[in-house]
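Read through the structure below, which is laid out as structure tokens, and then see the notes.
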Amino acid sequence: MAVAIAAGRVWRPNRGLSQAAVLLLWRPGARGLARSHPHRQQQQFSSLDDKPQFPGASAEFIDKLEFIQPNVISGIPIYRVMDRQGQIINPSEDPHLPKEKVLKLYKSMTLLNTMDRILYESQRQGRISFYMTNYGEEGTHVGSAAALDNTDLVFGQYREAGVLMYRDYPLELFMAQCYGNISDLGKGRQMPVHYGCKERHFVTISSPLATQIPQAVGAAYAAKRANANRVVICYFGEGAASEGDAHAGFNFAATLECPIIFFCRNNGYAISTPTSEQYRGDGIAARGPGYGIMSIRVDGNDVFAVTAATGGPKARASSLSTTGACGIMMPLHAVGLWHLVSHQQELSTAPKPKGTTKPILESYLNSLFLGHSRYQLCIHQDAVRREKPQSNLNRESLI
């Protein structure tokens with residue numbers, strides 16, 4: 001398992017505050033994030049006065065002209081707990097969640113899929129104007145929500161309905177919001193899927209991309225100043241990470257050392273723009289160390305991996321918020337990767353499907369990649385299934 005750690009501000013009595021960004025990797029037998037260069041000769045200095053004194057950087061002088069090539073750094077590895085068949089790979093990484101939480105995770109994902117199917121068909125029938133499904137992303141929703149406290153503040157984008165569902169948001173209010181009827185808490189003023197709930201600490205979604213990122217950082221900084229026992233999590237897609245608001249938010253969060261978790265849902269497409277046309281380099285996770293942010297890349301179809309990746313930094317961020325300490329804590333930039341098997345968005349003007357035959361490729365992805373399917377396989381191999389058949393679990397999740 002790779003661990004990327006960026007140290008925070010370190011106090012040096014003779015030089016004041018200096019920013020030290022140190023990237024550490026621990027993975028026996030694997031290539032590191034940085035490769036050594038035998039031909040590069042670093043100069044040896046007899047005193048500290050001869051070393052580089054550039055503010056905000058930790059570097060050494062070299063005597064050979066050499067530019068850093070994009071392919072010098074190998075890709076950040078993807079953390080996972082289960083394989084594609086739902087088997088725990090490393091027993092020491094098994095979260096050993098209580099049976100109640102295991103069942104709640106499964107029921108939430110199943111119910112989210114069912115709600116998506118109903119509202120998607122409603123949109124295709126012209127009953128609502130707009131809808132965005134969550135197929136393939138269920139594991140990122142409930143996996144991260146399970147690691148949070150119910151009082152932790154959530155800033156979502158478009159596809160975080162599962163977080164609200166895990167927090168027991170009523171189905172009636174989901175429907176009322178999408179239909180904009182009299183029961184809608186927003187009084188029909190928002191577009192469909194723009195959910196929000198003050199009681200469940202879920203900030204109302206807004207349409208412009210990435211506006212929630214600097215807002216989330218401000219909320220996290222306010223929580224830190226107030227010594228509140230609260231962590232902020234901010235969800236966004238890899239397309240939103242190309243907006244200027246994202247870069248400003250990352251920098252503010254790092255320098256102000258805010259108790260925030262950045263959760264990037266990378267499905268390879270920003271609406272219809274592939275990642276090859278969005279950015280170069282090793283994706284979004286590689287940007288974290290550049291800002292001084294502790295980063296990890298996670299398999300978004302692995303519920304247990306998402307829970308673990310969210311829970312560790314959440315505990316440390318909570319400690320930072322309550323004690324007001326600063327120094328080593330940095331926000332997490334968790335990048336969940338999964339395969340897209342549904343439309344990015346559904347508009348009433350989009351062409352209607354001619355048939356309902358499921359493509360072979362989609363069936364293959366459903367069986368091997370999707371978080372819900374993989375979690376199904378895991379439950380099949382667990383004692384929970386032997387006590388209660390899967391058909392009963394599916395039936396109960398729809399009640």
Side-chain angles (χ1 to χ4, degrees), residues 100-207 212 233-235 263 265 303 342-348 350 356 370-372 375-376 388 390-399:
E100 293 75 17
K101 178 168 285 190
V102 171
L103 293 176
K104 184 173 183 179
L105 289 169
Y106 180 74
K107 291 177 181 178
S108 297
M109 286 191 286
T110 304
L111 183 60
L112 180 60
N113 276 346
T114 304
M115 185 185 76
D116 269 349
R117 184 168 61 252
I118 293 173
L119 288 175
Y120 171 76
E121 292 175 355
S122 298
Q123 187 278 324
R124 303 310 275 179
Q125 295 167 4
R127 298 175 184 271
I128 59 178
S129 61
F130 178 85
Y131 191 69
M132 302 185 78
T133 59
N134 303 276
Y135 294 127
E137 307 185 13
E138 308 90 342
T140 63
H141 298 184
V142 301
S144 57
L148 301 172
D149 292 336
N150 289 333
T151 57
D152 290 335
L153 193 59
V154 177
F155 282 80
Q157 190 167 303
Y158 301 141
R159 302 176 187 274
E160 287 77 37
V163 179
L164 263 179
M165 186 166 287
Y166 189 85
R167 292 188 174 186
D168 301 320
Y169 192 67
L171 276 176
E172 293 80 1
L173 293 183
F174 277 113
M175 299 294 176
Q177 199 284 324
C178 289
Y179 277 84
N181 59 28
I182 194 173
S183 300
D184 178 20
L185 300 179
K187 307 300 181 185
R189 299 188 183 100
Q190 283 276 19
M191 289 179 62
V193 307
H194 287 52
Y195 309 112
C197 182
K198 181 178 180 181
E199 291 74 17
R200 289 168 176 80
H201 307 283
F202 192 99
V203 179
T204 303
I205 294 169
S206 58
S207 291
Q212 76 275 16
I233 185 169
C234 180
Y235 296 89
F263 198 107
R265 304 172 291 97
V303 181
S342 67
H343 304 294
Q344 282 281 28
Q345 61 180 352
E346 287 75 31
L347 298 170
S348 58
T356 58
L370 298 189
H372 181 264
Y375 196 65
Q376 255 183 346
K388 186 172 294 188
Q390 180 191 338
S391 58
N392 291 349
L393 294 177
N394 291 338
R395 192 178 301 111
E396 288 180 7
S397 66
L398 303 179
I399 296 178

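Because only heavy atoms are used, hydrogens play no part in the values below, and waters and symmetry mates are left out as well, while side chains stay in. Everything numeric in this text was worked out from a predicted model, so none of it was measured.
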Working to the nearest 0.5 Å, report the span between CG of L103 and OG of S108. 10.5 Å
One pair to check against side-chain contact (heavy atoms from CB on, under 4.5 Å): L119 and M115. What are the steps and the verdict? CA-CA 6 Å; L119 288 175; M115 185 185 76; 3.9 Å; yes
Please list all pairs passing the side-chain hydrogen bond (donor to acceptor under 3.5 Å, both in side chains) test where one or both residues lie in residues 163-178, with sequence neighbours left out. none
I'd like to check the side chain to side chain donor-acceptor pair (under 3.5 Å) partners of S206; sequence neighbours left out, ordered by chain and number. T211
Test of understanding: with side chain to side chain donor-acceptor pair (under 3.5 Å), list the residues that count as partners of Q157, not counting sequence neighbours. Q212
Between D152 and I233, is any pair of side-chain heavy atoms under 4.5 Å apart? no
Straight-line distance of T110 OG1 to M165 CE, nearest 0.5 Å: 10.5 Å
Quick test of your reading: applying ring pair (Phe, Tyr, Trp, His ring centres under 6.0 Å), list the pairs with at least one residue in residues 185-204, sequence neighbours left out, ordered by first then second residue. F174-Y195
Should V154 and E160 count as side-chain neighbours, where that means a heavy-atom distance under 4.5 Å? no
Just by modelled atom types, is the N150 backbone N or O under 3.5 Å from a matching donor or acceptor in the R200 side chain? no
Could you tell me which non-hydrogen atom of A161 sits nearest to which non-hydrogen atom of L112, and how far apart they are? CB-CD1, 4.0 Å
If the condition is ring pair (Phe, Tyr, Trp, His ring centres under 6.0 Å), which residues does F155 pass it with, not counting sequence neighbours? none
Any residue meeting side chain to side chain contact (heavy atoms under 4.5 Å, CB included) with S183, in chain and number order, not counting sequence neighbours: A176, N181
Listed partners of R127 passing side chain to side chain donor-acceptor pair (under 3.5 Å), at least two apart: Q125
Take Y235 and T140 through the side-chain contact (heavy atoms from CB on, under 4.5 Å) test and state the conclusion after the steps. CA-CA 10 Å; Y235 296 89; T140 63; 5.9 Å; no
Sidechain-backbone polar pair: Y158 side chain, S207 backbone, donor-acceptor under 3.5 Å: yes
Tell me, please, which residues at least two apart from D184 pass side chain to side chain donor-acceptor pair (under 3.5 Å). none
In this structure, CG of L173 is separated from CG of L164 (nearest 0.5 Å) by 9.5 Å
Do Y179 and S122 have a side chain donor and acceptor closer than 3.5 Å? yes
So K198 and T204, side-chain contact (heavy atoms from CB on, under 4.5 Å) or not? Walk me through it. CA-CA 8 Å; K198 181 178 180 181; T204 303; over 6 Å; no
From CA spacing to verdict: side-chain contact (heavy atoms from CB on, under 4.5 Å), H141, M109: CA-CA 9 Å; H141 298 184; M109 286 191 286; over 6 Å; no
Is a side-chain N or O of D116 found less than 3.5 angstrom from the main chain of N134, in a donor-acceptor match? yes
To the nearest 0.5 angstrom, please state how far the CE atom of M191 sits from the SG atom of C178. 10.5 Å
